Amino acid sequence: MDLLKPSDRIYVAGHQGLVGSAIWRALATGGYSNLMGEASSALDLRDHEATEDYIAAHKPDVIVLAAAKVGGIAANSSHPVDFISDNLRIQTSVLDAALKHRIQRVLILGSSCIYPKLSPQPISEDALLTGPLEPTNQAYALAKIAGIVQVQSTRTQYGLPWISAMPTNLYGPGDNFDPVGSHVLPGLLRRFHEAAQNGAPEVVAWGTGSPRREYLHVDDLAAACIHLLKIYDDAIPLNVGTGEDISIKELAEMIAQITGFNGQLSWDTTKPDGTAQKLLDVSRINATGWKAKIDVPTGLQSTYQWYLDNIATARN
Ligand code: GDP
């Protein structure tokens, strides 16, 4: 079964972001040459009418919805209404237009934070909607859950082969290195880099360092997305991860080493830890024939190199 053809016209919504740009690169390298994308300055996907006009005019065969408002624990905690409202509107615009024009193949991307805070680890897809969410990102998580249900409902009501994938924490080239709004990995890469350059005696990281997180390189996610577009046709949103996690303290120590920082690492425990662990059970996607290939030390090294090469233009 191959549900994705090389001649398909593929619209990557959010093709300039961390995830969308990786999917675009992987599609182009894989011989899919009919790609389309729009900068958010040219097409605001929160605008239902503008999005509908775009889909009506271009009628893609496939839509990959990689556009989202994303951020780290501080951004999610301080701007929750932006995270729920922007993400709901982006999803509704794109999915309503896709349904109206009967776009055959749609893949939407969610996040491991859709699962209940106290899910048994590793978290199986079956844990969805079985308990309360982590409060620091529940606005974002609820928007993403609504996306899954919209895809499932479209499958039920119209029989279209739309699918959802739920990646774990992502990182890689094109990430957001903002010191406050970013996720921990790019945030610390930048903070340790600057401390190493300036000879600072100390770097302060947030929380206790004990939460555990799973890190997937975006190029691995992009390979998983193409794989799923080719073969997957089921209502279950599939987890995409490595199946392994590390503590934030271990991550910080790895980043200190890579950036050449030799000073002291301290923890600001007034900042939230967030959920203690959110390791995904990846047995379902592994059974379909996909597995992550890039380990964290290798991916961190290449992401740091990308940051150094793009320091002037990296998002921050
Ligand atoms: P989360 O996975 O949704 O909790 O999002 P983050 O990637 O923002 O945070 C993961 C963990 O790293 C949390 O326990 C944070 O408190 C911790 N952390 C440590 N230092 C930092 C930092 O500089 N930035 C961010 N975003 N998180 C940090």
Side-chain angles (χ1 to χ4, degrees), residues 18-19 68-80 82-84 87 109-119 121-123 132-145 166-172 175-196 200 202-218 239-242 244-256 258-259 261 263-280 296 299-300 303-304 307 315-316:
L18 172 67
V19 171
K69 179 171 178 64
V70 296
I73 193 164
N76 270 277
S77 307
S78 58
H79 294 77
D82 297 349
F83 283 86
I84 190 164
N87 285 310
L109 292 161
S111 156
S112 56
C113 69
I114 58 159
Y115 293 115
K117 182 180 173 72
L118 300 176
S119 298
Q121 309 284 320
I123 312 174
L133 299 165
E134 155 63 33
T136 51
N137 52 27
Q138 78 163 339
Y140 175 79
L142 275 167
K144 290 291 165 183
I145 292 170
M166 297 301 122
T168 186
N169 303 267
L170 300 166
Y171 71 100
D175 210 338
N176 172 10
F177 291 84
D178 180 282
V180 179
S182 73
H183 283 104
V184 60
L185 191 152
L188 288 186
L189 259 182
R190 175 175 175 176
R191 202 172 308 146
F192 277 103
H193 167 73
E194 288 174 356
E202 183 189 45
V203 162
V204 180
W206 304 349
T208 61
S210 62
R212 301 185 69 80
R213 294 288 183 272
E214 177 185 7
Y215 289 100
L216 180 72
H217 193 281
V218 271
N239 287 344
V240 188
T242 62
E244 286 168 25
D245 61 5
I246 56 173
S247 71
I248 297 300
K249 182 163 180 285
E250 287 168 311
L251 177 74
E253 285 165 354
M254 254 189 240
I255 294 176
I258 284 173
T259 55
F261 173 76
Q264 189 183 327
L265 167 61
S266 319
W267 297 92
D268 176 358
T269 53
T270 63
K271 296 278 200 308
D273 266 347
T275 199
Q277 190 180 23
K278 45 179 172 178
L279 177 63
L280 291 180
V296 173
L300 261 184
T303 302
Y304 182 47
Y307 177 64
R315 279 186 294 154
N316 58 50

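Ligands are counted one by one from 1 in listed order, and the atoms in each one are counted from 1 as well. Worth saying up front: this structure is predicted, and the values here are computed from it rather than measured.
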Run through I145, I114, L118 and flag the one making a side-chain contact (heavy atoms from CB on, under 4.5 Å) with L133. I145
Quick one: list whatever passes salt bridge (charged side-chain N to carboxylate O under 4.0 Å, His left out) with E134, sequence neighbours left out. K117
What distance do I123 atom CD1 and K278 atom NZ have between them, rounded to the nearest 0.5 Å? 8.5 Å
Could you please provide the protein residues found below 4.0 Å of ligand 1 on a heavy-atom basis, arranged by chain and number? G72, I73, N137, N169, S182, H183, V184, L188, R191, A205, W206, P211, R213, I248, P272, D273, K278
For A252, enumerate each residue passing the side-chain contact (heavy atoms from CB on, under 4.5 Å) test, keeping only those at least two apart in sequence or located in another chain. L188, F192, L265, W267
With K69 via salt bridge (charged side-chain N to carboxylate O under 4.0 Å, His left out) - residues at least two apart: none
Short side-chain donor-acceptor distance under 3.5 Å, Y171 and H183: no
